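The structure appears right after this line, and notes come after that.
In this text, all values refer to a predicted model and were calculated from it rather than measured experimentally. As the structure lists them, so they are numbered: ligands from 1, and atoms in each ligand from 1.
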Amino acid sequence: MSQVKSVLCVGCTVIDFVTINGSYPKEDTDRRCLDGFWQRGGNASNVSTVLRVLGCKVDFFGMLSRSDAFRVLLDDLCKREIGTKDCPFTERDPPFSSVILAQDSGTRTIIHCNKDYPQTTYEDFSKINLAQYGWVHFEARNTPHTLKMMQSIRDYNQRTGQGIIISLDFETRYEQNQELCAPCDFVVFSKELAGQLGWKTPRQSCVELAAKIPESGPKPVFICPWGSAGAGALDANGNYYEMSSYKQDKVVDTLGAGDSFMAGFIYATLEGQRSLAESVDFANRVASHKITGFGYEHIS
Ligand code: FRU
């Protein structure tokens with residue numbers, strides 16, 4: 001990739017304990033899984049992994065820990081050359097997720113355990129030298145601090161004439177995180193959350209989201225990945241595009257498919273020379289390929 005500027009992914013990193021099952025287990029039964037593994041997970045953490053696999057320079061910014069249990073996450077970040085130089089540390093044990101993969105349905109069920117693990121603050125973020133980044137990607141969480149982080153990038157762009165791109169991965173807590181959309185260039189909104197809000201299609205979701213942005217400012221591009229139905233994208237001028245997914249014969253592991261979509265979109269857009277529709281199509285391709293194998297390594 002010719003791009004010299006790095007991507008900064010802001011969010012959390014967790015341990016994913018994954019079991020592979022023929023079918024989803026019945027409640028209150030005791031059974032053995034077919035196989036299992038653990039890996040570094042978390043939305044921004046997975047986006048960093050896939051961007052590295054695709055060949056981008058990436059830094060991760062999130063709360064790291066000095067606890068023994070966290071060592072495996074630090075080792076993996078280091079092994080993959082994902083920079084963590086500006087991350088603060090805590091002594092607390094890492095968050096983790098129990099993930100059930102069901103082979104017959106192709107589903108991934110995630111039970112996340114966070115125990116109020118501390119989050120990074122705007123003060124931590126303000127120490128970062130933004131000059132090295134071409135793109136900063138956020139998870140929709142930690143709203144007041146994330147808003148200030150985004151605003152500081154906007155101010156930095158204005159002051160220096162740089163054009164650092166801001167993106168948001170919006171998966172939870174619609175009401176609380178809604179205000180994070182306005183300062184962004186790109187917002188990727190999850191199908192699961194759209195469903196919870198009663199939005200039936202990617203087009204409806206994009207339109208509803210865009211309607212909430214104040215008329216006074218620029219509108220972000222809204223993108224809604226819709227699983228096997230592909231993805232929709234609404235640009236700032238109101239043009240809507242829909243791109244179908246790539247059908248796969250076998251679905252092996254859907255954990256992190258959304259994060260892979262996000263990484264594919266960032267990669268394709270940063271590389272330049274692609275229209276919005278082409279970048280979304282590339283993201284669809286990355287996500288569709290991801291689900292054909294376990295983990296993220298095969299994506300390259
Ligand atoms: C997948 C994922 C997992 C993690 C969970 C956090 O998108 O990032 O790796 O356990 O979501 O909510």
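- Checked against a 6.0 Å centroid threshold, the rings of Tyr267 and Phe282 count as neighbours.
- By the 4.0 Å heavy-atom criterion, Gly258 is excluded from the residues contacting ligand 1.
- Residues Asp16 and Gly41 share a closest heavy-atom pair of OD2-CA, 3.4 Å.
- The proximity of Val99 to ligand 1, defined as any non-hydrogen pair under 4.0 Å, does not occur for either the backbone or the side chain.
- Note that CD1 of Ile223 is 8.0 Å distant from CE of Met243, once rounded to the nearest 0.5 Å.
- Close approach of ligand 1 to Val14 (heavy-atom distance below 4.0 Å) involves ligand atoms 10 (O).
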Requested in this report: Run the numbers on Lys290 and Asp253 for salt bridge (Lys or Arg N to Asp or Glu O under 4.0 Å), then give the verdict.
Outcome: CA-CA 8 Å; Lys290 188 262 135 344; Asp253 171 14; 3.4 Å; yes

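- Listed by atom number, the atoms of ligand 1 under 4.0 Å from Ser97 heavy atoms are 4 (C), 10 (O).
- Side-chain contact annotation: Thr121 with His145, donor-acceptor N/O pair under 3.5 Å absent.
- The single protein non-hydrogen atom nearest to atom 6 (C) of ligand 1 is His112 ND1, 4.2 Å, given as residue, atom name and distance.
- The ring-ring contact (aromatic ring centres under 6.0 Å, His included) with Phe186 is formed by just one residue from the set Phe138, Trp135, Phe222, Phe170; it is Trp135.
- Under the 4.5 Å side-chain heavy-atom criterion for Ile, Leu, Val, Met, Phe, Trp and Tyr, Tyr117 and Val72 are members of the same hydrophobic cluster.
- Among protein heavy atoms, atom 7 (O) of ligand 1 sits closest to Asp259 OD2, 2.8 Å.
- Only the side chain of Asp16 comes within contact range of ligand 1, with a heavy atom under 4.0 Å; no backbone atom does.
- Residue Asn43 has at least one nitrogen or oxygen atom sitting less than 3.5 Å from a nitrogen or oxygen atom of ligand 1, judged on distance alone.
- Counting atoms of ligand 1 from 1 in the listed order, those under 4.0 Å from a heavy atom of Gly41 are 9 (O).
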